[in-house]
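In what follows, a single structure is set out as C-alpha cells and then discussed.
If you read the sequence from its start, that first residue is 1, and numbering goes on from there.
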Amino acid sequence: MASTKSKINILDKPLSKGKSEINISTFGLLFCEIVQYCQNRVYTVPELQGKLSDLGYHVGQRMVDLLFVRERNFKRETKLLNMLVFIKSVMWRAVFGKEADKLEHANDDEKTYYLIENETIVNKFISVPKDKGTLNCAAFIAGMIEAVLVGCNFPAKVTAHWHKGTTFMIKFEESVIAREKTAEGR
C-alpha cells in the first residue's frame, strides 16, 4: 500500500523571518573590510565618515520596508516621538539584538534629539590610528537612522559623535516640527 503525500509547493510556504543573529566575529570582519574599502577611496576623516554614512543610508532604505512589513503589518508611524521610539526599540533590536540605551530631547532646540548608545558594535572592532583620532565608524549607523526617518517622511540629518559612548544627533527639518505642532493642535 503506497501512501501518497502531497508535496508542498515552495510558493505555498510562509516567508521565513530568517535567523536573527549572526556570528559577531563574522560581522566584525565584514565591517572592518567595509571601513578599509571606504578608507582607500577618501583622503580625510570627514570624507570617510560621509562614505560610511552613505553606505548605512542604503542599508536603512531597505530596512524601512522590511521592519514595517514584519513588525507593524504595513502601518507606519505618523508621530515624531513614536517614530523615535520605534527606532530606539524595534529597529535597534532587529539590527543589534537589543534596544538603544537612551533617547533624549535637546533642551535648547526643539528640532534636535539624541539617541545614545554606550558601546556601539561597529566601533568595537575598529582600532583608530592616531592621525584619524576623530573617526567614529558609527557614522554607518547614523546613515541607517537617517534613511529610516527620511523613508517614513521625517526628513532629518543624523550625525554620530563621541559623547557618553556614541551619541547620534538627529536634527529634524523645520517642516517636521511644524507638522507635529499642527497635529497636536487638533
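Ring geometry for Phe31 against Phe27 counts as parallel: the plane angle stays under 30°, on a 0 to 90° scale with 60° as the upper cut. Aromatic ring orientation, His105 versus Tyr113: tilted (interplanar angle from 30° to 60°).
Here the CD1 atom belonging to Ile121 is positioned 12.5 Å from the OG1 atom belonging to Thr166, to the nearest 0.5 angstrom. Here the CG atom belonging to Leu84 is positioned 12.5 Å from the CD atom belonging to Glu104, to the nearest 0.5 angstrom. A distance of 11.5 Å separates CE of Met144 from CG of Leu149, quoted to the nearest 0.5 Å. Distance CG/Asn136 to CG/Asn123: 4.5 Å, rounded to 0.5 Å. A distance of 5.0 Å separates CD of Gln36 from CD of Glu33, quoted to the nearest 0.5 Å. Summarising the geometry, atom OG belonging to Ser175 is positioned 10.0 Å from atom NZ belonging to Lys111; distances are rounded to the nearest 0.5 Å.
In the hydrophobic cluster analysis, where Ile, Leu, Val, Met, Phe, Trp and Tyr join through side-chain heavy atoms closer than 4.5 angstrom, Leu48 is grouped together with Val158. Under the 4.5 Å side-chain contact rule for hydrophobic residues, Ile145 and Met169 do not share a cluster. Leu29 and Val122 fall into different hydrophobic clusters, where Ile, Leu, Val, Met, Phe, Trp and Tyr residues are linked whenever their side-chain heavy atoms come under 4.5 Å apart, directly or through other members. The hydrophobic cluster containing Val90 also contains Val59, counting ILVMFWY residues as joined when their side-chain heavy atoms lie under 4.5 angstrom apart, directly or transitively. If you chain together hydrophobic residues whose side chains sit under 4.5 Å apart, Ile87 and Leu103 fall into the same group.
Shortest non-hydrogen contact noted between Gly60 and Val148 is O-CG2, 3.8 Å. Residue Leu80 comes nearest to Phe172 through the heavy atom pair CD1-CZ, 3.2 Å, listed as atom of the first residue, atom of the second, then distance. Of all the heavy atoms in Leu52 and Cys38, the pair that sits closest is CD2-SG, 4.0 Å. Closest non-hydrogen pair, Gln49 versus Thr134, comes out as OE1-O, 3.3 Å. The two residues Asp101 and Glu117 come nearest to each other via the heavy atoms N-OE1, 3.4 Å. Taking all atoms of both residues into account, the shortest heavy-atom contact from Cys152 to Val64 is SG-CG1, 4.1 Å.
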Using the rule given for side chain to side chain contact (heavy atoms under 4.5 Å, CB included), can you reason through Val95 versus Met63, listing the C-alpha separation, both sets of side-chain angles and the distance that settles it, and then say yes or no? CA-CA 9 Å; Val95 177; Met63 288 200 60; 3.2 Å; yes

Quick one, Thr112 with Ile170, criterion side chain to side chain contact (heavy atoms under 4.5 Å, CB included). Give me CA distance, side-chain angles, the key distance, then yes/no. CA-CA 6 Å; Thr112 305; Ile170 305 167; over 6 Å; no

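When side chains are defined from C-beta on, His161 counts as touching Thr159, because their heavy atoms get closer than 4.5 Å.
Figure legend: Arg179 and Phe154 shown as a cation-pi pair, the cationic atom lying under 6.0 angstrom from the six-membered ring centre and within 45 degrees of its axis.
Taking Glu99 as the reference, Lys88, Arg93 meet the side chain to side chain donor-acceptor pair (under 3.5 Å) condition, with sequence neighbours excluded.
Separation of the Trp162 and Phe168 ring centroids does not fall under the 6.0 Å cut-off.
The local environment of NZ in Lys98 is crowded, with over 12 non-hydrogen atoms from other residues, nucleotides or ligands closer than 6.0 Å. Atom CG of Asn118 is surrounded by more than 12 heavy atoms from other residues, nucleotides or ligands within 6.0 Å.
Salt bridge annotation for Lys171-Glu146: absent, with no cationic side-chain nitrogen under 4.0 angstrom from a carboxylate oxygen. At a threshold of 4.0 Å, the pair Glu180-Lys79 does not count as salt-bridged, since none of the basic side-chain nitrogens sits closer than that to a carboxylate oxygen.
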